[in-house]
Amino acid sequence: MKALVLEGHAPIETAPLRLVEMETPEPGPGELLLRVTACGVCRSNLHMIEGDWPGVPTQLPMIPGHEVVGVVDRLGAGVTGFAVGDRVGVQPLYSTCGTCEFCRSGREQLCRSKEITG
């Protein structure tokens, strides 16, 4: 698979993203492999690329983009509710604490412990 990879923060006009050929991952138990058909890159991605937010992303290298639509390509062991060929969208919010005032009031996007895809 091909991906634009960020290995270090830099201004976007210096072209810090590198197009690389990567091995296609295998889905593990409870996971599915998505063939991405469209991925938006919004201003929050540009902030991450340029290093405007200290500590975000938490790991480099990373593949920017968290507004994803695609097709289920493979299923890992134990996956239910999806079939190969299903068209799906990916929620940018990967995880939250589930216990703070924001999570308990339906405003998970404000959770201070949230993690987003990317």
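- Here the closest heavy-atom approach between residue Arg74 and residue Val84 is recorded as CA-CG2, 4.3 Å.
- Met22 and Leu33 sit in two unconnected hydrophobic clusters of ILVMFWY residues. Membership requires side-chain heavy atoms under 4.5 Å apart, directly or through other members.
- To the nearest 0.5 Å, the span separating CG on Asp86 from CG on Leu32 amounts to 9.0 Å.
- Val68 and Val88 fall within the same hydrophobic cluster, defined by Ile, Leu, Val, Met, Phe, Trp and Tyr side-chain heavy atoms under 4.5 Å apart, directly or through other members.
- Counting heavy-atom neighbours within 6.0 Å of Arg87 CZ, excluding the residue itself, gives a total of 12 or less.
- When every heavy atom of Val79 is checked against every heavy atom of Glu31, the shortest pair comes out as CG2-O, 3.0 Å.
- Side-chain contact between Arg43 and Asp52 is present, with heavy atoms from C-beta onward closer than 4.5 Å.
- Trp53 and Leu60 fall within a single hydrophobic cluster, where Ile, Leu, Val, Met, Phe, Trp and Tyr side chains are chained together by heavy-atom contacts under 4.5 Å.
- Ile49 and Leu6 make their closest contact through CA-CD2, 3.6 Å (heavy atoms, listed as atom of the first residue, atom of the second, distance).
- Note: Leu17 CG to Ile12 CD1 = 5.0 Å, rounded to the nearest 0.5 Å.
- Here Cys42 contributes atom SG and Met48 contributes atom CE; the two are 7.0 Å apart, rounded to the nearest 0.5 Å.
- Note on Val69: it does not cluster hydrophobically with Leu34, by side-chain heavy-atom contacts below 4.5 Å among ILVMFWY residues.
- Glu7 has its side chain out of reach of Val20: every pair of non-hydrogen atoms, C-beta onward, lies at least 4.5 Å apart.
- Separating the CD atom in Glu115 from the SG atom in Cys97 is a distance of 11.0 Å, to the nearest 0.5 Å.
- The closest side-chain heavy-atom distance from Pro27 to Leu75 is not below 4.5 Å.
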For this session: Check the pair Lys114, Glu108 against salt bridge (charged side-chain N to carboxylate O under 4.0 Å, His left out), reporting the backbone distance first and the verdict last.
Result: CA-CA 8 Å; Lys114 71 179 175 286; Glu108 297 91 350; over 6 Å; no

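- If you take CD on Glu50 and OG1 on Thr14, they are separated by 8.0 Å, rounding to the nearest 0.5 Å.
- Distance alone, capped at 3.5 Å, is enough to place a donor-acceptor pair between the Glu21 side chain and the Met1 backbone.
- Each of Ile63 and Val41 belongs to its own hydrophobic cluster when Ile, Leu, Val, Met, Phe, Trp and Tyr are linked at side-chain heavy-atom distances under 4.5 angstrom.
- Between the side chain of Gln91 and the main chain of Leu93, a donor-acceptor pair closer than 3.5 Å is present.
- Salt bridge absent: Glu101 and Arg112 never bring a charged side-chain N and a carboxylate O closer than 4.0 Å.
- Taking every heavy atom of both residues into account, Leu4 and Pro64 meet most closely at O-CD, 3.4 Å.
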